[in-house]
Every structure is written in C-alpha cells, then in structure tokens.
Amino acid sequence: MSKLSKEAKKRLLIVAAYIITTIAITLLLLPWIRQLSTNDGRIVMKQRVESYGAFAPMIYILLHVFHVIIAFVPGEPIELLGGVLFGTIPGTLYGLLGVIIGTAIVFLLVRKFGRPLVGYFVPEEKIKNHRLLQDENKLEWAVFLLFFIPGTPKDLLTYLVPLTRINPTRYLLIATLARIPSILSSAYIGSSFGQGKYLVSLIAFGITGGIGLIGMLINKHIERKK
C-alpha cells in the first residue's frame with residue numbers, strides 16, 4: 001500500500017477534525033434540545049440565559065469568532081443556537097458581529113503570515129482552483145457571490161480572499177452583507193424551534209436545505225467552468 005502524501009494526510013486530518021467537532025457539538029446540544037421540547041423546559045432555558053446578563057451574548061459572539069478562525073468548525077449549529085437563545089433578530093445581529101470580528105482577525109493574520117498559514121486550513125488544489133478570485137476586475141463581485149451562495153465553504157473563503165489585493169474595509173462590508181441571508185434563516189429556524197413551532201422550523205429547515213443544495217450545485221458548476 002502506497003504511503004499517503006503530506007497533502008493527503010493534512011486533508012484527512014482536517015476531515016477527521018471536522019467530523020469529531022460536529023459530533024461533539026451535537027452531543028453538547030442534545031440536553032438543550034431535550035429541554036426545549038417542553039414548554040416548561042423552554043421557560044427554564046430562557047431564565048437561565050437571562051441570568052447571565054450581558055455575558056450570554058458575549059459568549060455567543062466569541063463562539064462565532066472561534067468557528068470563523070478555526071475554519072473546520074461548522075457554523076450552522078452555532079447560528080441555530082443563536083435563534084434558540086436570543087430570537088431571530090438578536091441572534092442574527094450577534095452572529096453577524098461575531099463573523100465580522102472573526103473575519104477581520106483572519107484577514108490580518110493571512111496578510112501578515114501569507115500562504116503558509118492558509119495551507120493549514122485550505123488544500124493546495126482549492127487555492128489554485130479558485131480562479132474566480134484571481135480576476136481583479138470582478139473580484140468584489142466574485143467575493144459577494146461566493147459568500148452569498150448557500151453551500152459554499154465560507155470559512156475557507158475567509159482564508160483565501162486575503163491572499164488577493166481586495167480592500168480590507170470593502171471586503172468586510174461585502175462579506176458581512178452577503179452572509180446576512182444565511183445567518184438570518186438559521187436564526188429564524190432556531191427561534192421557531194425554541195418557541196415550540198416545530199412544523200414551521202421543519203419547513204424552514206427544508207427550504208433552507210434545498211436552497212443550500214442548489215447553491216452547492218451552482219458552486220460545483222462554477223468550479224468546473226473555471
């Protein structure tokens with residue numbers, strides 16, 4: 001049996017870390033999900049969150065910062081949690097704030113340490129394949145499109161985009177605006193679930209999942225075309 005290349009080993013470690021992290025987050029959230037299945041449980045949960053005062057939003061914002069910086073940590077469960085704990089609008093606003101802070105930190109780190117840092121999170125072929133980011137005349141439009149389309153690896157893009165010559169301020173604005181629909185829809189689903197509106201939550205989840213699948217197909221089509 002041939003030995004795995006260094007790149008293959010790195011990719012395998014990233015996939016394994018992603019799977020382990022997803023399972024860990026799911027297991028951590030299970031007690032909360034059980035509690036939210038009853039009306040009394042939802043009241044207790046709300047009181048518990050309110051007891052933390054301003055620390056509750058701060059911890060949630062830091063969770064978003066963490067998942068953006070550690071690119072293989074899935075962001076969707078955290079976005080859903082924001083809707084459950086804070087409601088649709090506050091959950092969306094806190095999520096966006098965390099994403100802005102995390103994206104700004106990654107931008108500064110990549111601009112300082114360059115491609116070697118990106119290589120820890122993004123496979124080499126992914127760096128080469130994103131030619132859409134190499135056209136400076138359409139760079140900002142490409143960034144908005146890639147962050148807006150559901151199903152694109154947004155946290156990996158957070159590491160790729162700083163390798164270009166994009167203006168930092170405009171980049172943060174574009175990336176934030178483009179991510180609003182995704183974070184808003186996840187917060188809405190979480191909020192509906194937290195209020196016991198399981199059918200509404202399930203329908204919204206199905207619609208969002210369908211849009212995400214279409215987005216993944218579009219993203220694959222763009223990659224093949226380029």
Side-chain angles (χ1 to χ4, degrees), residues 10-33 45 48-49 52-114 116-123 126 143 146-147 150-163 168 171-187 189-191 193-194 212:
K10 187 189 296 184
R11 194 183 310 123
L12 187 61
L13 285 173
I14 291 173
V15 171
Y18 181 87
I19 293 172
I20 291 170
T21 305
T22 303
I23 293 172
I25 291 175
T26 303
L27 291 175
L28 286 171
L29 291 179
L30 275 177
W32 291 26
I33 293 172
M45 181 67 72
R48 185 181 301 173
V49 173
Y52 287 106
F55 286 105
M58 288 173 61
I59 293 171
Y60 177 70
I61 290 169
L62 287 175
L63 278 176
H64 266 289
V65 174
F66 175 75
H67 98 73
V68 172
I69 294 175
I70 310 301
F72 54 78
V73 175
E76 288 77 9
I78 300 174
E79 293 171 1
L80 291 169
L81 181 62
V84 171
L85 297 179
F86 306 107
T88 302
I89 301 303
T92 300
L93 293 176
Y94 296 147
L96 285 172
L97 182 56
V99 165
I100 292 171
I101 296 172
T103 303
I105 291 173
V106 171
F107 188 94
L108 293 173
L109 289 174
V110 173
R111 282 289 171 94
K112 181 175 179 60
F113 298 104
L117 174 65
V118 178
Y120 283 105
F121 298 97
V122 186
K126 284 284 185 183
V143 169
L146 289 169
F147 275 101
T152 55
K154 295 176 178 59
D155 294 327
L156 296 183
L157 287 169
T158 304
Y159 276 87
L160 285 174
V161 176
L163 293 174
Y171 163 58
L172 287 176
L173 179 61
I174 291 168
T176 302
L177 290 175
R179 294 179 86 152
I180 288 176
S182 174
I183 297 177
L184 179 62
S185 61
S186 295
I189 293 169
S191 178
F193 185 86

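The residues of the chain are indexed from 1 along the displayed sequence.
- In terms of heavy-atom proximity, E79 sits nearest to Y60 at CA-OH, 3.6 Å.
- F147 places a side-chain heavy atom less than 4.5 Å from the side chain of T158.
- Residues A187 and G91 share a closest heavy-atom pair of CB-C, 4.4 Å.
- Taking the side-chain hydrogen bond (donor to acceptor under 3.5 Å, both in side chains) definition, one finds that Y171 meets it with nothing, sequence neighbours left out.
- The distance from atom CG of L146 to atom CD1 of I174, rounded to the nearest 0.5 Å, is 11.5 Å.
- Residues Y159 and I69 meet the side-chain proximity criterion, which asks for heavy atoms closer than 4.5 Å.
- Residues I100 and T176 approach most closely at CG1-OG1, 3.2 Å, considering heavy atoms.
- Here the OG atom belonging to S185 is positioned 8.5 Å from the CG atom belonging to L80, to the nearest 0.5 angstrom.
- For the atom pair CG of L93 and CG of L184, the computed distance is 9.5 Å after rounding to the nearest 0.5 Å.
- From I61, atom CD1 reaches atom CG of L96 across 10.5 Å, with rounding to the nearest 0.5 Å.
- Residues S191 and G87 approach most closely at OG-CA, 3.8 Å, considering heavy atoms.
- Rounded to the nearest 0.5 Å, atoms CG (L81) and OG (S186) are 11.5 Å apart.
- When all heavy atoms of A178 and P181 are compared, the closest pair comes out as O-CD, 3.4 Å.
- Here the side chain of T103 pairs a donor or acceptor atom with the backbone of V99 at under 3.5 angstrom.
- To the nearest 0.5 Å, atoms CD1 (I89) and OG1 (T92) are separated by 5.5 Å.
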Hey, can you pull the donor-acceptor pairs under 3.5 Å for the side chains in residues 105-114, sequence neighbours left out?
from	atom 1	to	atom 2	distance (Å)
R111	NE	P162	O	2.8
R111	NH2	T164	O	2.9
R111	NH2	I166	O	3.0

